[in-house]
Amino acid sequence: MDYLPLSCPPKDRDSLQAEGEVALVGAGPGDAGLLTLKALQQIQLADVVVYDRLVSDEVLNLVRHDAERIFVGKASGNHCVPQQQINQILVEQAQRGKRVVRLKGGDPFIFGRGGEELEALAVAGIRFSVVPGITAASGCSAYSGIPLTHRDHAQSVRLITGHAKQDGVLDWPCLAQEKQTLVFYMGLSQAGEIQHQLTQHGLAVNTPVALIENGTTASQRVFTGELWQLSALATQVISPSLIIIGSVVQLRSKLNWFPDNG
Ligand code: SAH
């Protein structure tokens, strides 16, 4: 029970209500063991959890049973809740004094529109914090035995959106260079284009490629092949899948440790 001074006018009573806040939390790629301690702490303190399609059931099971859950999941081409509305939900819940966790698959600042949501909170004057998560590139590479860099194979890594058609133009001559690892998020529907462009810009057709479906989970499947096979391989997997391209993929034959269904 809150005790308010008897003379407190209604306006001041409102301002005494606890201030809400939003934690933008990375849920990692699926395996709940990959959550950070801070993410777990935030999830268990939340009054409201606003989550995406990519957040695994295993992670959702860690949400307090009395917390409200709001699903705002988006499937490619099937935008359940428009971004604007998601922003509004976050602002409204926080304005009601709630402790809100905005839970996103992987890392919220990597192809997660986390930045856009924080901008909306900043405009509305809502307090926020960010808890990073393990992004799909890190999770999938670890659980498929494909190091993203290796002194003999790749000196840099590129995280690329396969939706570049909508989000901007990719620098194909740069992406076709050797000695780097390419990781395409949301690349399945563009696999044919990725194969075509990289080949056109000089990347060898026998460059190793891997597709990792449902990475880090019990249903993970991994398919490997060469660049010329990429578009055919993409027809065998479902979303969410990650595409890794580069000579590091060869290391999987020696370094794979995670039993999967591929
Ligand atoms: N913020 C997320 C990425 C969101 S974009 C992160 O940091 O991981 C969504 C894309 O991420 C999917 O289309 C897929 O390419 C990739 N992805 C996310 N989780 C994945 C998983 N468990 N296995 C394979 N790919 C995954």
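Both ligands and their constituent atoms are indexed starting at 1 by order of listing. Values in this document were obtained by computation on a predicted structure and should not be read as measured data.
Remark: the backbone N or O of Arg99 is paired with a side-chain donor or acceptor of Asp47 at under 3.5 angstrom.
Neither the backbone nor the side chain of Pro108 has any atom closer than 4.0 Å to an atom of ligand 1 (non-hydrogen atoms only). In Leu54, the part holding a heavy atom less than 4.0 Å from any atom of ligand 1 is the side chain. Contact annotation: for Ile212 versus ligand 1, heavy atoms closer than 4.0 Å belong to the backbone alone.
Residue Pro29 has at least one N or O atom closer than 3.5 Å to an N or O atom of ligand 1. For a threshold of 3.5 Å applied to N or O pairs, the pair formed by Asp107 and ligand 1 contains at least one separation below that value. Looking at ligand 1, you'll find an N or O of Ser241 within less than 3.5 Å of one of its N or O atoms.
Given atom 5 (S) of ligand 1, the protein heavy atom at minimum distance is Phe111 O, 3.5 Å. If you check which protein heavy atom lies closest to atom 11 (O) of ligand 1, you get Tyr185 CD2, 3.4 Å.
Classification of Arg102 and Asp52 as a salt-bridged pair holds, one side-chain N sitting under 4.0 Å from a carboxylate O.
Using modelled atom types and a 3.5 Å distance limit, the side chains of Ser241 and Ser239 yield no donor-acceptor pair. Under 3.5 Å, the side chains of Gln197 and Glu193 contain a donor-acceptor pair of N or O atoms. A donor atom on one side chain and an acceptor atom on the other are found under 3.5 Å apart for Gln83 and Glu117.
Ligand 1 places these atoms under 4.0 Å from at least one heavy atom of Gly105: 1 (N), 2 (C), 6 (C). Atoms of ligand 1 found under 4.0 Å from any heavy atom of Cys140 (numbered from 1 in listed order, with element): 23 (N), 24 (C). Distances below 4.0 Å separate heavy atoms of Thr135 from the following atoms of ligand 1: 6 (C), 7 (O), 8 (O). Close contacts between ligand 1 and Asn214 involve ligand atoms 22 (N), 23 (N) [criterion: under 4.0 Å to a heavy atom].
When the heavy atoms of Ser56, Ala136, Gly114, Gly187 are ranked by distance to atom 26 (C) of ligand 1, first place goes to Ala136. Among Lys104, Met186, Arg53, the residue whose heavy atom lies nearest to atom 13 (O) of ligand 1 is Met186. For the residues Ser239, Gly215, Gly30, Gly28, the heavy atom positioned nearest atom 23 (N) of ligand 1 is part of Gly215. Evaluated by nearest non-hydrogen atom to atom 1 (N) of ligand 1, the leading choice among Ile110, Val222, Thr217 is Ile110.
Checked options Ser156, Cys174, Ser247; the residue passing with Gln180 is Ser156 (criterion: side chain to side chain contact (heavy atoms under 4.5 Å, CB included)).
Legend: ring pair (Phe, Tyr, Trp, His ring centres under 6.0 Å) pairs involving residues 26-66, not counting sequence neighbours, sorted by first then second residue: Tyr51-Phe71. Residues in residues 126-161 take part in these ring pair (Phe, Tyr, Trp, His ring centres under 6.0 Å) pairs, two or more places apart or across chains: Tyr143-Trp257, Tyr143-Phe258, His150-His153.
Within a 6.0 Å sphere centred on CD of Glu178, heavy atoms belonging to other residues, nucleotides or ligands number 12 at most.
Side-chain contact between Arg158 and Thr181 is absent, with no heavy atoms from C-beta onward closer than 4.5 Å.
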